[in-house]
Each structure stands twice: as structure tokens, then as C-alpha cells.
Amino acid sequence: MGKSRRSAEPVVEPVDGGLAELIPDRERTRAWTLLIDGAPQSHVDLDDPQHLSFEYQRRLGHVIDLTAAPGKPLHAVHLGGGALTLARYLAATRPRSTQQVVERDAALVQLVRQKLPLDPNARIRVRSVDAREGLAKVPDGWADLVIADVFSGARTPAHLTSTEFLDEVRRALKPGGVYAANLADGPPLAHLRGQIATAAARFSELALVADPTVLRGKRFGNAVLVASDTPLPIAELTRRAASDPHPGRVEHGKPLLDFTGGAAPVPDARAVASPAPPASVFR
């Protein structure tokens with residue numbers, strides 16, 4: 001009989017970005033939640049990498065599923081690694097994919113590799129550099145998918161919120177490629193509105209997936225922005241988001257542009273980090 005799950009102990013180690021904690025999942029034998037300075041970052045099930053626990057990661061999983069035909073290998077770039085949850089998911093659902101993960105926190109990468117080892121057959125390369133610096137090293141037109149999920153101190157750094165940053169994303173994407181970003185904001189949603197306007201200045205097709213209470217400005221939370229220059233699978237994305245354990249709403253087209261309320265695209269010169277979440281979010 002295998003070792004009882006209760007024998008697993010939390011792992012607590014300092015990393016470059018703060019204090020990392022790996023907390024064992026009481027309900028899943030080899031599953032862990034990664035926290036940095038108390039803020040949940042990732043959940044990984046080593047026995048079932050297709051299991052996505054966090055609602056925003058489930059929504060990004062839908063984007064991965066709908067980027068190409070089921071099982072088709074992708075070239076993917078992940079800006080922000082955490083516990084490599086989405087890279088593991090993509091490797092499991094799309095074997096033979098080639099992935100580049102850019103995670104600035106080298107000590108975190110080492111901890112994750114040691115305690116939550118990757119499948120040795122997964123073609124995942126991890127670079128410990130700044131996200132924008134790592135993106136600049138991606139060849140022109142290489143990626144089918146770029147996912148941005150970068151937080152420093154629970155805030156997205158300013159230089160990853162601008163039109164110039166999205167110019168780099170577009171350069172790295174193949175024609176028809178997909179960009180997806182995990183955004184976090186709360187009332188009055190000024191950051192989220194600005195990020196939608198910024199993406200609209202660089203991509204012709206947009207969709208936003210979020211909890212309805214977040215979209216109504218009732219609470220702080222995550223929203224997944226999806227962008228491309230080809231039509232997005234709105235109907236299927238809407239169906240999947242609505243059927244999640246925590247149902248999400250999909251906005252697109254004119255209603256999404258109206259949602260910006262006239263917000264202007266954000267250049268490097270005016271970029272600021274995303275707002276810090278209230279302390280109550282992690283209680």
C-alpha cells in the first residue's frame with residue numbers, strides 16, 4: 001500500500017520572490033499548492049497533470065484546448081512559471097509539444113524541479129530571466145500560443161502591461177496565433193479596462209473570461225484576456241466557462257469594447273503595475 005497522504009509535510013523555503021510554501025493537498029495523493037508570501041500561485045497534481053484546480057488556470061486550460069485541433073502539438077511560450085502547472089497540462093493534453101517557460105525566480109524554478117519534478121519526456125525548457133527579456137529571445141513567428149501569468153508581489157509588473165510588450169508578443173506569434181493573459185483587478189476596474197484597450201490596439205479579436213461579480217466590479221479577482229488576429233471560438237469558450245465549477249462569463253465584440261469605458265491603450269511611458277489585491281483576498 002502506498003504511503004498515506006497525511007505523511008506529506010509542507011515545504012517552506014525562501015526564493016528570490018519571497019517565501020515559497022508547498023502545501024500538500026489532503027484530497028489528492030501527490031498534489032500540492034504553491035504559495036509565495038501567502039498568496040496562492042499554482043496547484044499541481046503530479047499524478048494527474050490534466051487536473052486544474054484554480055479557476056483562472058481552468059480558463060487558461062480552455063484556451064489551450066481550443067487553440068488547435070485536439071491533441072495537435074503546439075509551440076507555446078509561458079511567461080511566468082510558478083509550479084509549471086499549465087506547461088504540464090499542455091504536455092499531457094498535447095504530446096510532442098515544444099514549450100518555453102520564462103520564470104525570473106531561479107530559486108523557485110530549482111525548488112519546483114526538485115520537489116515537483118517534470119515528466120522527463122516533456123519538451124519543456126525553462127529560462128530564469130525577466131519575462132520580457134525571455135520573450136525577446138523567442139524567434140519571430142515561432143509560437144502558436146503565448147500565455148502571460150506573471151506576478152511579483154501579487155502584482156503584474158508594469159513593463160508587461162504595455163502596447164510595446166504586446167508588440168513583442170505579436171512578433172513571437174505565428175499568424176493566427178493566440179495570446180492569453182491572466183489579469184487581476186478590483187473595483188473600479190481601471191487596470192482591466194486599460195488592458196483590454198491596450199490589447200484592442202494590437203489584436204483584432206478579443207474575448208474576456210471572468211466571474212460575473214468581478215466584471216460587475218463587486219470584488220477583486222482574476223480575468224483571462226484572450227486575443228488573436230483570427231476569429232476566436234467564442235461559442236465553445238462560452239460553453240466551457242459556463243460549465244466550470246465556478247462558472248465564468250465571456251465578453252467579446254462590441255460589449256467588450258464598450259466595457260473599456262473609453263480607456264486608452266497603455267504605452268511603456270504610462271505603464272504601471274496592476275493593483276495590489278486587498279488582504280482579505282487570501283484569507
Evaluate Val214 against Arg219 for side chain to side chain contact (heavy atoms under 4.5 Å, CB included), listing each step before the verdict.
CA-CA 5 Å; Val214 173; Arg219 69 173 179 87; 3.7 Å; yes
Within the structure provided, determine whether [X] and [Y] are in side-chain contact (heavy-atom separation under 4.5 Å).
X	Y	answer
Gln99	Val77	no
Asp25	Asp45	no
Leu237	His252	no
Leu66	Arg240	yes
Leu108	Ile36	yes
Val169	Leu135	yes
Arg88	Asp119	no
Glu13	Lys115	yes

For [Y], is there any backbone N or O sitting under 3.5 Å from a side-chain donor or acceptor partner on [X]?
X	Y	value
Gln50	Thr93	no
Asp149	Gly80	no
Asp268	Glu164	no

Kindly give the heavy-atom pair with the smallest separation between [X] and [Y], and that separation in Å.
X	Y	value
Pro267	Thr163	CA-OG1, 3.6 Å
Thr198	Ser162	CG2-C, 3.7 Å
Leu232	Ala207	CD1-N, 3.9 Å
Ser274	His191	CB-NE2, 3.4 Å
Ser97	Leu74	OG-N, 2.9 Å
Leu52	Gly61	CD1-CA, 3.8 Å

Single hit among Val102, Thr85, Leu86, Ile124 for side-chain contact (heavy atoms from CB on, under 4.5 Å) with His78:
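Answer to the side-chain contact (heavy atoms from CB on, under 4.5 Å) test with His78 among Val102, Thr85, Leu86, Ile124: Leu86.
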Out of Arg123, Arg94, Arg96, which one pairs with Pro73 under the side-chain contact (heavy atoms from CB on, under 4.5 Å) rule?
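Only one option passes, and that is Arg96.
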SB check Arg171 Glu168 (cutoff 4.0 Å)
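Judged by the 4.0 Å cut-off on N to carboxylate O distance, Arg171 and Glu168 do form a salt bridge.
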Look at Lys72 together with Asp144 and state whether they make a salt bridge at an N to O cut-off of under 4.0 Å.
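No salt bridge links Lys72 with Asp144.
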Does [X] belong to the same Ile/Leu/Val/Met/Phe/Trp/Tyr cluster as [Y], with side-chain heavy atoms less than 4.5 Å apart forming each link?
X	Y	value
Val266	Phe259	no
Leu183	Val150	yes
Tyr89	Val178	yes
Leu90	Ile147	yes
Leu34	Leu79	no

Which is it for Val12 and Leu19 under the side chain to side chain contact (heavy atoms under 4.5 Å, CB included) test, yes or no, and what are the steps along the way?
CA-CA 7 Å; Val12 181; Leu19 187 67; 3.8 Å; yes
Atom [atom1] in [X], atom [atom2] in [Y]: separation rounded to 0.5 Å?
X	Y	atom1	atom2	value
Asn222	His246	CG	NE2	12.0 Å
His43	Gln57	NE2	CD	9.5 Å
Leu215	Asp185	CG	CG	11.0 Å
Trp32	Leu46	CH2	CG	8.5 Å
Leu208	Leu192	CG	CG	5.5 Å
Leu111	Leu116	CG	CG	7.0 Å

More than 12 foreign heavy atoms under 6.0 Å from CZ of Arg104: is that the case here?
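Not buried by this count: 12 neighbours or fewer within 6.0 Å.
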Return yes when atom CD of Glu236 has more than 12 non-hydrogen atoms of other residues, nucleotides or ligands closer than 6.0 Å, and no otherwise.
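Yes - once you tally the heavy atoms of other residues, nucleotides and ligands closer than 6.0 Å, there are more than 12.
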For the residue pair Arg170 and Phe203, would you count it as a cation-pi contact if the rule is NZ or CZ under 6.0 angstrom from the ring centre and within 45 degrees of the ring axis?
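Yes, cation above the ring, under 6.0 Å and within 45°.
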Verify side chain to side chain contact (heavy atoms under 4.5 Å, CB included) between Arg28 and His51, making sure each step is shown before the conclusion.
CA-CA 11 Å; Arg28 289 178 167 262; His51 174 76; 3.1 Å; yes
Parallel, tilted or perpendicular: which one describes the rings of Trp142 and His75, with boundaries at 30° and 60°?
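Aromatic pair Trp142/His75 classed parallel.
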Check the side chains of Asp211 and Tyr56 for a donor-acceptor pair under 3.5 angstrom, ignoring hydrogens and angles.
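Side-chain D/A pair, Tyr56 to Asp211: absent.
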Using the rule given for salt bridge (charged side-chain N to carboxylate O under 4.0 Å, His left out), can you reason through Arg202 versus Asp167, listing the C-alpha separation, both sets of side-chain angles and the distance that settles it, and then say yes or no?
CA-CA 7 Å; Arg202 293 298 184 265; Asp167 287 337; 2.6 Å; yes
Begin with the C-alpha distance, continue with both residues' side-chain angles, and end with the deciding distance and a verdict on side chain to side chain contact (heavy atoms under 4.5 Å, CB included) for Asp244 and His62.
CA-CA 10 Å; Asp244 273 341; His62 299 327; 3.1 Å; yes
